[in-house]
Number of protein chains: 2
Amino acid sequence: MSIRNPKQALYEQFAIVAKALGHPLRLEMIEHLAQGARSVEALAAKLGQPVANISQHLQALRRAGIVSAERDGKFVHYALVDESVLSAFASVRTVAERHLAEVDRIVRGYFDARDDMRPVTRDELRKLMRDGVVTLIDVRPADEFALGHVPGAINVPLGEVRAWSAGAATRREVVAYCRGPWCVMSFEAVAALRSLGHSARRLEDGMPEWKAAGLPVETTA
Amino acid sequence: MSIRNPKQALYEQFAIVAKALGHPLRLEMIEHLAQGARSVEALAAKLGQPVANISQHLQALRRAGIVSAERDGKFVHYALVDESVLSAFASVRTVAERHLAEVDRIVRGYFDARDDMRPVTRDELRKLMRDGVVTLIDVRPADEFALGHVPGAINVPLGEVRAWSAGAATRREVVAYCRGPWCVMSFEAVAALRSLGHSARRLEDGMPEWKAAGLPVETTA
DNA sequence: TCGTCATTCAACAGAATTATTGAATGATAG
DNA sequence: CTATCATTCAATAATTCTGTTGAATGACGA
């Protein structure tokens, strides 16, 4: 190990990146950062973690070239360096989905119990939106919605779904989306809406994927 | 940490996969396995590592759903479960190449010193081969060559490049490839051939990428 | 300048990962 | 059955990773 040839040195660099992805909290942080830049404190609040812990994990991600930091007054805003990070996240997820039995178990035991219908694909959604036959709700918190959402979507944060649905016609189908294919909030929203007599489905994935597919994104200035 | 919601449980599963990729030796093992299935002993010999160490790393990879094991008599052959692993490897590598300054340094300091010409792309190579104007050499060991190589390639393991080149016309351009874009052997082969007066270039990547692109592969039964 | 606030640092204990060693297992050949 | 061989297991020590705590830094506003 003392003498390293250039090839091993490269593998070590690649391993730094993979190792940085190898912690559940850091993966969750990446999914949040995929929605847009965040300050340390904001991230910590989202994840319910001590600020110092989040700060240290962010620095691990920065050393791995996964996030970039930009100081803005008192705050330091962290953001994903580019979409290659999401692509790495996605391929790791693909391996896990295909080959880890435990993933199957978790997904079947929790998600499917609440969502027995096929999710809506992006293409389907675009057609449904063009035809004006569905209401699209973005169940993420307002700040994330403001930073970028699917054109035509209404922001209904998860906690407000019940109240919002009271004023919505039950005959019109609702499509819900949030942060990504495994984001729990859209599952919860769909479950709540169904229990209230609405017809509801999930979008197959969420905002970062929508943006990554090159589809238009609307922001609230 | 004691109570985990399903979302966190999923992140933990994804982290298992990423963590398994987070070790230089395991990455090197994956690159070797991308050439085809290998026994524990064969892998250990290739990497110059104790068998027990390789065995343990293989089991770590197996727990992460990255490799599969198949017993054949006394031997256990390990193989990558599917191409999703290579895609994960590739995206991790992409992140590192784009954002880790150290990768730049290593590549510039070592590889570029020996290879100042553009590598040949896959499409270019197919045209050159169709026109019959280049000699394509596969500088991997014979066993890897036998398991699958680019049609029309000649197997010239790295150690035999010098001897082989003596009998080859220096006027005909040589293209060399090996295990992948960072495989050292093709760089070394090109450097050796140039120092002997040949015109030589590297293929931009190697065998697993060729196969992954859906291009034809020839095997020696 | 001072106080406040967001972030980082430093130090610590507990946990996990790693390479090594030697013994145990499982399968084949004689 | 026994010997042999490939692989795995178990135990160990060294190292690294994690989360927590409290103090230090850096920037802003009064």
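Quick note on labels: first sequence line is chain A, next is B, and so on, each numbered from 1. Just so it is clear, the values below take in all heavy atoms, side chains as well, and ignore hydrogens, waters and symmetry mates.
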Hits for salt bridge (Lys or Arg N to Asp or Glu O under 4.0 Å) against A:E160, two or more places apart or cross-chain, chain-then-number order -> none

What residues form a salt bridge (Lys or Arg N to Asp or Glu O under 4.0 Å) with B:R98, not counting sequence neighbours?
A:D82, A:E83

Protein-nucleotide distance ([X], atom [atom1]; [N], atom [atom2]), rounded to Å:
{"X": "A:R63", "N": "D:dT16", "atom1": "CZ", "atom2": "C1'", "answer": "12 Å"}
{"X": "A:H57", "N": "D:dC17", "atom1": "NE2", "atom2": "C1'", "answer": "9 Å"}
{"X": "A:N53", "N": "C:dC12", "atom1": "CG", "atom2": "P", "answer": "19 Å"}
{"X": "B:E28", "N": "C:dA19", "atom1": "CD", "atom2": "P", "answer": "12 Å"}
{"X": "B:K19", "N": "C:dA16", "atom1": "NZ", "atom2": "C1'", "answer": "8 Å"}
{"X": "B:L25", "N": "C:dA19", "atom1": "CG", "atom2": "C1'", "answer": "10 Å"}
{"X": "A:L61", "N": "D:dC17", "atom1": "CG", "atom2": "P", "answer": "14 Å"}
{"X": "B:L47", "N": "C:dT18", "atom1": "CG", "atom2": "C1'", "answer": "16 Å"}

Any donor and acceptor pair, going by atom type alone, linking the side chain of B:W210 with main-chain N or O of B:P216 inside 3.5 Å?
yes

With a 4.5 Å cut-off on side-chain heavy atoms, are A:L21 and A:I30 touching?
yes

Protein-nucleic acid N or O pairs under 3.5 Å, nucleotides 1-8 of chain C:
| residue | atom | partner | partner atom | Å |
| --- | --- | --- | --- | --- |
| C:dC5 | O4' | A:K74 | NZ | 3.3 |
| C:dA6 | OP1 | A:E41 | OE1 | 3.3 |
| C:dA6 | OP2 | A:E41 | OE2 | 3.4 |
| C:dT7 | OP1 | A:V40 | N | 3.1 |
| C:dT7 | OP1 | A:V76 | N | 3.3 |
| C:dT7 | OP1 | A:V76 | O | 3.4 |
| C:dT7 | OP2 | A:E41 | N | 2.6 |
| C:dT8 | OP1 | A:Y78 | OH | 2.6 |
| C:dT8 | OP2 | A:S55 | OG | 2.7 |

Report yes if at least one side-chain N or O of B:H23 is closer than 4.0 Å to OP1 or OP2 of D:dC17; otherwise report no.
no

Taking atom NE2 of B:H57 and atom CD of B:E28, what is their separation to the nearest 0.5 Å?
11.0 Å

Going through the distances and angles, do B:S84 and A:H99 end up as a side chain to side chain contact (heavy atoms under 4.5 Å, CB included)?
CA-CA 10 Å; B:S84 70; A:H99 306 296; 3.9 Å; yes

